[in-house]
Amino acid sequence: MRIARFSIDGNVAFGAVEGDSPDSLVLDIIKGIPYADFELSGTKVPLKKVRLLPPVLPNKVVAIGRNYAEHAAEMGNEVPDVPVAFFKPTTSVIGSGDSIEFPSFSEELHYEAELAVVIGRMCREVPRERVKDVIFGYTCANDVTARDVQRRESQWARAKGFDTSCPLGPWVETDLDPGNLAIQATVNGEQRQLGRTSDMVRSIEDLVVHITEAMTLLPGDVILTGTPAGVGPLHVGDEVAVTIEGIGTLTNKVIKRG
């Protein structure tokens with residue numbers, strides 16, 4: 001099931017996305033929140049009449065760096081002995097169709113297409129065999145990075161945590177095997193990244209176990225699982241799209257921060 005979060009006539013709701021053709025997609029509004037047992041209301045609205053919002057409002061976004069060997073190599077790094085984890089704040093999260101604001105303190109902005117894991121229940125110290133039980137679903141992400149800032153600052157908080165640096169969407173797919181999905185990024189329609197989730201150094205199970213050894217994850221929290229090789233620059237006016245097999249396409253335009 002595809003679960004979207006949207007706004008219509010000033011109201012915010014969750015809905016199940018129905019249909020196959022982009023022009024005929026509709027949302028069946030959900031009663032309540034999707035992390036618990038829920039019912040579909042039967043009230044349907046065309047997707048083209050709503051504004052899609054970030055599909056979740058995470059308490060935290062835990063991102064993993066250098067989880068694809070070829071990306072680590074293109075950045076001049078080795079694959080780390082343990083996963084490299086960092087945070088992106090909630091204020092960095094935007095939805096599909098929202099604008100990425102080019103930060104004033106950077107001159108080199110990069111896209112990073114990633115599979116995002118959405119947590120469905122509060123969990124801590126999750127054993128490997130229970131990882132699937134705590135996952136709500138998956139969505140597309142773009143770990144937008146101020147690369148020049150990342151190079152000169154040992155902590156990545158500013159380089160990867162600035163406002164609008166975490167596009168998520170367009171919705172969450174709850175019924176998906178994430179083990180071998182095509183993941184790509186395009187800029188202005190030109191393919192820049194193409195990889196498969198099967199190339200991850202550490203699996204989603206590895207990441208959930210590793211993260212929850214240290215912290216409690218809450219419903220709606222997001223894990224970014226790393227990016228394939230092929231990252232590169234974004235400029236004001238560019239449109240960047242992240243497409244993941246079985247999920248959909250997350251699209252954002254880059255604008256100058258006003």
Side-chain angles (χ1 to χ4, degrees), residues 1-6 12-20 25-41 47 50 52-64 67 88 90 93-97 113-124 126 128-143 166-184 196-198 200 202-209 211-212 216-227 241-251:
M1 181 177 288
R2 294 168 292 177
I3 304 294
R5 181 171 162 269
F6 64 95
V12 175
F14 288 94
V17 182
E18 299 178 352
D20 297 315
L25 294 178
V26 298
L27 291 160
D28 192 335
I29 297 175
I30 289 172
K31 296 180 180 179
I33 59 174
Y35 307 117
D37 292 336
F38 64 85
E39 295 181 1
L40 298 176
S41 67
L47 185 68
V50 309
L52 284 177
L53 302 174
V56 291
L57 285 178
N59 175 270
K60 53 188 169 293
V61 177
V62 186
I64 302 297
N67 198 31
K88 294 174 83 81
T90 56
V93 175
I94 58 174
S96 189
E114 308 205 9
L115 174 69
V117 180
V118 180
I119 299 300
R121 63 179 65 180
M122 186 171 68
C123 58
R124 186 180 68 171
V126 180
R128 181 175 299 274
E129 64 272 14
R130 293 291 307 278
V131 167
K132 290 183 179 179
D133 296 338
V134 306
I135 293 175
F136 175 64
Y138 304 90
T139 192
C140 305
N142 191 345
D143 177 19
C166 189
L168 298 173
W171 41 64
V172 177
E173 175 56 69
T174 63
D175 184 17
L176 186 70
D177 180 351
N180 186 25
L181 304 174
I183 176 171
Q184 72 166 345
R196 301 198 73 85
T197 56
S198 54
M200 288 183 191
R202 294 177 178 87
S203 69
I204 289 170
E205 288 80 7
D206 293 334
L207 300 181
V208 173
V209 169
I211 292 166
T212 61
T216 300
L217 295 178
L218 302 175
D221 280 352
V222 170
I223 298 172
L224 304 188
T225 58
T227 193
V242 175
T243 301
I244 300 180
E245 181 181 4
I247 300 176
T249 299
L250 165 69
T251 303

Say you draw a straight line from [atom1] of [X] to [atom2] of [Y]; how long is it, rounded to the nearest 0.5 Å?
X	Y	atom1	atom2	answer
D206	I211	CG	CD1	10.5 Å
I247	E173	CD1	CD	7.0 Å
T225	M200	OG1	CE	3.0 Å
E18	D20	CD	CG	10.5 Å
T249	Q184	OG1	CD	7.5 Å
T212	R130	OG1	CZ	11.5 Å

task = Look at atom CG of D175 and say whether more than 12 heavy atoms of other residues, nucleotides or ligands are closer to it than 6.0 Å.
result =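 Incorrect, the count does not exceed 12.
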More than 12 heavy atoms of other groups within 6.0 Å of R128 CZ =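 Enclosed.
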Looking at side-chain heavy atoms only, is the closest gap between [X] and [Y] below 4.5 Å?
X	Y	value
L168	P55	yes
T243	C140	no
V117	L207	no

Within the side chain of [X], is there an N or O that forms a donor-acceptor pair under 3.5 Å with the backbone of [Y]?
X	Y	answer
T174	G137	no
T197	N180	yes
D221	N59	yes
T251	A241	no
R5	L53	no
T139	W171	yes
E114	N142	no

key: V118 and Y138: CA distance, side-chain angles, deciding distance, side-chain contact (heavy atoms from CB on, under 4.5 Å) verdict   = CA-CA 6 Å; V118 180; Y138 304 90; over 6 Å; no
query = Out of I3, V56, I119, which residue meets the side chain to side chain contact (heavy atoms under 4.5 Å, CB included) rule with Y35?
reply =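 Answer after filtering I3, V56, I119: V56.
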message = Which residue is it: V61, I135, L217? I am looking for the one with a side chain to side chain contact (heavy atoms under 4.5 Å, CB included) to I223.
response =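 By the side chain to side chain contact (heavy atoms under 4.5 Å, CB included) criterion, I223 pairs with just one of V61, I135, L217: L217.
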Please give me the minimum heavy-atom distance between [X] and [Y], naming the atom from each residue.
X	Y	value
L40	A16	CD2-CB, 3.7 Å
L25	G19	CD2-O, 3.2 Å
L52	A4	CD2-CB, 3.9 Å
P58	V93	CG-CG2, 4.0 Å
L250	P167	CD2-O, 3.4 Å
I29	A13	CG2-CB, 4.3 Å

ask   = Of all residues at least two apart in sequence or in a different chain, which pass the salt bridge (charged side-chain N to carboxylate O under 4.0 Å, His left out) check with E245?
value =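 If we apply the salt bridge (charged side-chain N to carboxylate O under 4.0 Å, His left out) test to E245, skipping adjacent residues, the hits are R196.
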inquiry  = Run the side-chain contact (heavy atoms from CB on, under 4.5 Å) test on V222 and F136 for me, step by step, so that the C-alpha distance in whole Å, both residues' side-chain angles and the decisive distance to 0.1 Å come before the verdict.
reply    = CA-CA 10 Å; V222 170; F136 175 64; over 6 Å; no
message = As a quick check of understanding, evaluate side-chain contact (heavy atoms from CB on, under 4.5 Å) for I244 and I183, giving each step before the final call.
response = CA-CA 5 Å; I244 300 180; I183 176 171; 3.9 Å; yes
message = One pair to check against side-chain contact (heavy atoms from CB on, under 4.5 Å): V209 and V131. What are the steps and the verdict?
response = CA-CA 8 Å; V209 169; V131 167; 4.1 Å; yes
